[in-house]
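Per chain, numbering begins at 1; letters A, B, ... match sequence-line order.
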Amino acid sequence: MIERTARSLLQEYDSTAADCFWLFFGGCLVFFMQAGFALLEAGSIRAKNVKNILIKNCLDACIGAILWWACGYSFAFGVEGDSPNKFIGGKDFFSALDKPDSTTYYAFWFFQWAFAATAATIVSGAVAERCALSGYAAYTFFITAFIYPVVVHWTWSSEGWLTDGDIGPGFLDFAGSGVVHMTGGGAALVGAYFLGPRIGKFGADGKPVDIPGHSAVLQCLGTFILWFGWYGFNCCSTGAWGDMALATKCAVTTTMAAAAGGISALACEVFMGKQADLPPILNGILAGLVSITAGCNVTEPWSAFVLGIIGGIVYTFSCKLLLALQIDDPLGAAPVHFFCGAWGVIGTGLFASKRYNGLLTGGSTGGKQLGIQCLGVLAIAAWTCIVSGILFFALKTLGYLRVDAETEEKGMDESKHGGTAYKA
Amino acid sequence: MIERTARSLLQEYDSTAADCFWLFFGGCLVFFMQAGFALLEAGSIRAKNVKNILIKNCLDACIGAILWWACGYSFAFGVEGDSPNKFIGGKDFFSALDKPDSTTYYAFWFFQWAFAATAATIVSGAVAERCALSGYAAYTFFITAFIYPVVVHWTWSSEGWLTDGDIGPGFLDFAGSGVVHMTGGGAALVGAYFLGPRIGKFGADGKPVDIPGHSAVLQCLGTFILWFGWYGFNCCSTGAWGDMALATKCAVTTTMAAAAGGISALACEVFMGKQADLPPILNGILAGLVSITAGCNVTEPWSAFVLGIIGGIVYTFSCKLLLALQIDDPLGAAPVHFFCGAWGVIGTGLFASKRYNGLLTGGSTGGKQLGIQCLGVLAIAAWTCIVSGILFFALKTLGYLRVDAETEEKGMDESKHGGTAYKA
Amino acid sequence: MIERTARSLLQEDSTAADCFWLFFGGCLVFFMQAGFALLEAGSIRAKNVKNILIKNCLDACIGEILWWACGYSFAFGVEGDSPNKFIGGKDFFSALDKPDSTTYYAFWFFQWAFAATAATIVSGAVAERCALSGYAAYTFFITAFIYPVVVHWTWSSEGWLTDGDIGPGFLDFAGSGVVHMTGGGAALVGAYFLGPRIGKFGADGKPVDIPGHSAVLQCLGTFILWFGWYGFNCCSTGAWGDMALATKCAVTTTMAAAAGGISALACEVFMGKQADLPPILNGILAGLVSITAGCNVTEPWSAFVLGIIGGIVYTFSCKLLLALQIDDPLGAAPVHFFCGAWGVIGTGLFASKRYNGLLTGGSTGGKQLGIQCLGVLAIAAWTCIVSGILFFTLKSLGMLRVAAEVEEEGLDGSKHGGTAYKA
């Protein structure tokens, strides 16, 4: 009786504050990844377009916050209570409803905004160096206000049709290999397709021409910032202070996958006869991180290692696939986020520990979990690619999508943004 | 009785450790803003003066720590107990008094040092590219040791004449739009005035000449780092773990204002017929952040949005004002910190929620809170501008303030710091 | 009885908070990898930047895999039945079952970040002429063996130097010796066996200044390191409950960093040079390394003193290296090895009375100082001798240094597909 009273007092006193902090901490780290994306993207393109991509990154964060407030959060998490909608939320637009003083609402809002900003900013890499600012802003509006929140509602709200646990079929995507990375990466892929390749990317014979980025230093710093922020992305997805031991296990699995992905992608390059270079290691690290994001909480260090190794390989070969399809993705955004995101979700169905019914770890339900994972991959891929496809096609038809050839050759900074990024 | 015992045990056990952590966490994030300032400043000036400004930023942090230890903290927070001094503190110089083992003293010292370092480093942006290192070091000494701590004592100590709450008249400046940003920004304005404009900034006809910064990438990364650190600046100002729900609401209001400020300043530029460029978005984000710093804990997401929108406009027009007055502020430090700082304080008097008597939200005391806010703005502005004015005038008269024309034309790095910042 | 029940329930809460504290520290210390990468890139010539960034990434990646395989076990695998004071030997590949509620993973993560720090120190001293294969081989050994052994001696519960009741009471709270001397000693030895860069010393033996290509990268790198150091030093309390002490470490750490920066700058100016940025940056790092051993047992004033002297130690060990014709492009050995040793010794001098600092009225005379010196000698001998064997072997096998032609052209152009900077 004494124990029960004391437990409930502990619960009441501490839990809200600690849970709020944990989500806030995660939100800060994931927000900082915006800087990582900005630098990685800037470093991977030519100097003449750097201001343009930085402007796009800033707009993603700013416009994203306003849209997340207006309707994004509500579409994602506004659960209606009386008549649950498995497709999209519809409550508490503009955070207008009263909130109690002691609430985790704001912490959770902040944490989830940072995730939404991540999904949105993935697209800018694939459409870099030739996408018009107005077209990009229009697209960012839709992904943050609608495309992404709907996927979140399916998977992470308490009433979505894919929601894991008792309600739905048990789709496992802990921190978003599918929800965030496939959604952003699929839109990136479709955007790069409708945009068409940069002038000079493919020769007359269709052979790809390497257009190296202007600064390996920025690529490297960007990647390290992303890796650092990813600890908030993955570990804080436990959502509550009380599961800290599990959260710190996620730190270990996340690190294993990042390391494995970097080594794996580098090894692929060297085996294919190229010199050891930096961008493959960096993108390999990111590939590993995306690959573990779905299952960081249900894997062991050894299986995280395996997920990362395969992630590096998936990255390498999906880069080749895109080039074979004559799709120009300057950042490799689709290989890193879409293809490795899908691998992350599927791989979780293979390697989740026995308790979570991974196919290869002796789970008791055979391939059922794997089947649910594949269902999720197909659903997310179809949703993001079809809706993005409609949007990009409309923007292209209206002439908003691509800058004219003269602007592209000269560089967008000089033509559209008052001058180059670098001066004396 | 069981409940009472348990509650008091909880209190004893948890509170100091968690409060210490919360202040420490905030101190780390706010300290990291030093890197943000360094990069923003470096990117906004010409390459030939980059080492000089980085040296100034490092000296701000180093000299600042030593002075904060020697007397800064004591002037700010050294409350004398027996005969309280409403103007300046006077106890515990060099942290020499014994402290109990379990104390939040050090955590609070650390958190407040990071704030002091922020106030000091604001000045370097406005005096960039022509201020002599010795003059700058002398000025930094005074702002960290005296000018800033006095303002802190008025507002954030338990005995200051402006202190909010039961003691004083209830001045609301939660994280320092006035205390930090107006103090630093006012000194910056006065410094830029006494220093005079850079050679070539104003043509013979008085028309301003644009002197663009040498790297948009550094400006962008610097701004993102500042935004990231600002979550510690604003949210950790609750000062205690127990108020975490409120702290995370501050994260949301902070984000809304930053986003609104960025969009607002960009819109101003575009409406005035200029191309969409990066520096206005960046400074707009900072303007929004400064604008919400006073009232992040007493506003709602919608009012934070409004404060940010107006902050972007205040920034834009105060830039024009400075140019009209022939004052050259290479970073826009005074527009961002002084003018938006004042707006942040005044805006809090307008938009603070009903409970805090905001004029426009139905507060019961009419314009009284707004009146107190204005009183604080005037007091801080007068203090910082007059004392800084005396100091800068003295330094100028003694010939310590500005480098000679030849050094300025050649660049301070080559003349004074052993060579340029960038080499092969 | 009520009190006992409540206290034991509170204890349960303790695991979550302790896990978080170690995790938080691990994140900050991991972020220092970015700091090292930028500081190193900025301090060398542009033609070798990709090479050093590749080395930094490989340190993190390879280090992780090795820490998992055997590094953590050699460091912390305490055998229980027959304790080994030299090296651990349990739980390779983290293969043993762990309970659900455990601080194991948080601690593993925190310690991996430290190991990655020790390993990456070396890349600065061997920059601009060390072959990638030789460097990878070396990194393998330092993360898998050299560093974990030192950790076992000092930070495991059964090492021969372990502080507290078990061993003689060696004080090295966050690793001036364990991390910085180990990495810095390897760096010194590596720079020695590698030989100086072409053109570093003139025909007369006089050193030629080879400035780094970007002061901005050096500066940002240093600030990131300083930021991460708060996790490095403060989170070394290892438990949430000691938070008041941890935040005192934040103050001592800050005092030493500031003092080191001012001190090194002052040395330069007194010696007649212009005020320049790299001395301030390396001075800040020297101060940070100097306080790392004793941040928890010093006061702000003694931290200040440790930092001032750290800046002086840094300045003069730079001169020593040049006099010995050793080329260390980052000053890695001055900052980490020499200041690391000073940090350990200085703790024996300035640790507060309770911890028997010689100059603060401690009751055991110079005994603590003696133990500190013993630790310095042991760590220096271990790291320098084993690294020396390894570097000598790599050199004999021709795996250590790139060809002169490659070095002149730049490692990026020759070996990594092109330069770091393009249009």
Side-chain angles (χ1 to χ4, degrees), chain B residues 1-2 5-6 9-10 13-14 16-21 23-25 27-28 31-32 34-35 38-39 42 50-51 54-55 57-59 61-66 69 94-96 99-110 113 133 215 218 221 413 416-424, chain C residues 2-3 5-7 9-10 13 17 20-21 24 28 45-47 211-216 218-220 222-224 226-227 230-231 234 240-252 254-255 257-262 265 273-278 280-281 283-284 287 299-301 304:
Chain B
M1 210 275 277
I2 293 165
T5 311
L9 282 171
L10 262 171
Y13 171 80
D14 215 22
T16 301
D19 292 343
C20 282
F21 170 76
L23 292 165
F24 167 68
F25 177 70
C28 290
F31 166 71
F32 193 46
Q34 294 294 305
L39 294 178
V50 159
K51 265 213 252 183
L54 296 180
I55 289 172
N57 273 282
C58 290
L59 290 183
C62 294
I63 294 177
I66 294 164
W69 170 53
F94 292 95
S95 307
K99 314 286 184 296
D101 275 354
S102 177
T103 174
T104 54
Y105 173 88
Y106 293 106
F108 188 70
W109 187 103
F110 177 65
W113 160 68
L133 191 59
S215 170
L218 297 181
L221 176 57
D413 294 351
K416 300 250 167 192
H417 302 302
T420 55
Y422 298 102
K423 298 185 194 327
Chain C
I2 293 165
E3 194 168 313
T5 310
R7 281 193 192 283
L9 285 172
L10 278 167
D13 206 41
F20 170 77
W21 184 232
F24 176 70
L28 282 179
R45 289 162 295 184
K47 62 184 183 178
H213 86 284
S214 170
V216 177
Q218 290 177 305
C219 187
L220 176 57
T222 302
F223 269 119
I224 289 175
W226 186 346
F227 170 63
Y230 289 115
C234 305
W240 181 267
D242 298 317
M243 197 61 70
L245 175 65
T247 57
K248 190 173 179 183
C249 291
V251 177
T252 52
T254 306
M255 293 303 305
I262 301 294
L265 178 65
K273 305 231 187 76
Q274 288 186 317
D276 199 358
L277 187 64
I280 304 177
L281 302 179
I284 286 167
E299 298 296 317
W301 72 266
F304 177 81

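- Within the 4.5 angstrom heavy-atom criterion, only backbone atoms of B:A424 (N, CA, C, O) approach chain C.
- Per-residue counts of heavy-atom pairs under 4.5 Å with chain B were compared for C:G287, C:A275, C:S214; the largest is that of C:A275.
- When heavy atoms are compared at a cutoff of 4.5 Å, C:Y230 approaches chain B by way of both its backbone and its side chain.
- Taking 4.5 Å as the limit, some side-chain heavy atom of B:I55 sits within range of a side-chain heavy atom of B:H417.
- Chain C forms the most heavy-atom pairs under 4.5 Å with one residue out of B:T104, B:N57, B:T420, B:D101, and that residue is B:D101.
- For B:L54, the parts lying near chain C are the backbone and the side chain together; criterion is any non-hydrogen pair under 4.5 Å.
- Put simply, of C:V216, C:I262, C:I280, the one with the most heavy-atom pairs under 4.5 Å next to chain B is C:V216.
- Heavy atoms closer than 4.5 Å to chain B are found nowhere in C:Q218, neither backbone nor side chain.
- Taking the six-membered ring where the residue is Trp, the centroids of C:W240 and B:F21 are separated by under 6.0 Å.
- A ring-centre distance under 6.0 Å is found for C:W21 and B:F24.
- Taking chain B as the reference chain and counting heavy-atom pairs below 4.5 Å, the highest number among C:G261, C:A250, C:G283 is found for C:A250.
- With chain B as partner, the option from C:E299, C:K273, C:H213, C:M255 having the largest number of non-hydrogen pairs under 4.5 angstrom is C:H213.
- A donor and an acceptor atom, one from each side chain of B:Y105 and B:S95, are located under 3.5 Å apart.
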Given side-chain contact (heavy atoms from CB on, under 4.5 Å), test B:F110 with C:T247 step by step and report yes or no. CA-CA 8 Å; B:F110 177 65; C:T247 57; over 6 Å; no
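- When the side chain to side chain donor-acceptor pair (under 3.5 Å) test is applied to B:K423, no partner is found at least two apart in sequence or on another chain.
- Only the side chain of C:L220 comes within contact range of chain B, judged by heavy atoms closer than 4.5 Å.
- In C:K47, the NZ atom is crowded: over 12 heavy atoms of neighbouring residues, nucleotides or ligands sit closer than 6.0 Å.
- Within the 4.5 Å cutoff, side-chain heavy atoms of C:D276 are placed close to those of B:K51.
- Within the 4.5 angstrom heavy-atom criterion, atoms from both the backbone and the side chain of B:I63 approach chain C.
- For C:C249, no part sits under 4.5 Å from any heavy atom of chain B, backbone or side chain.
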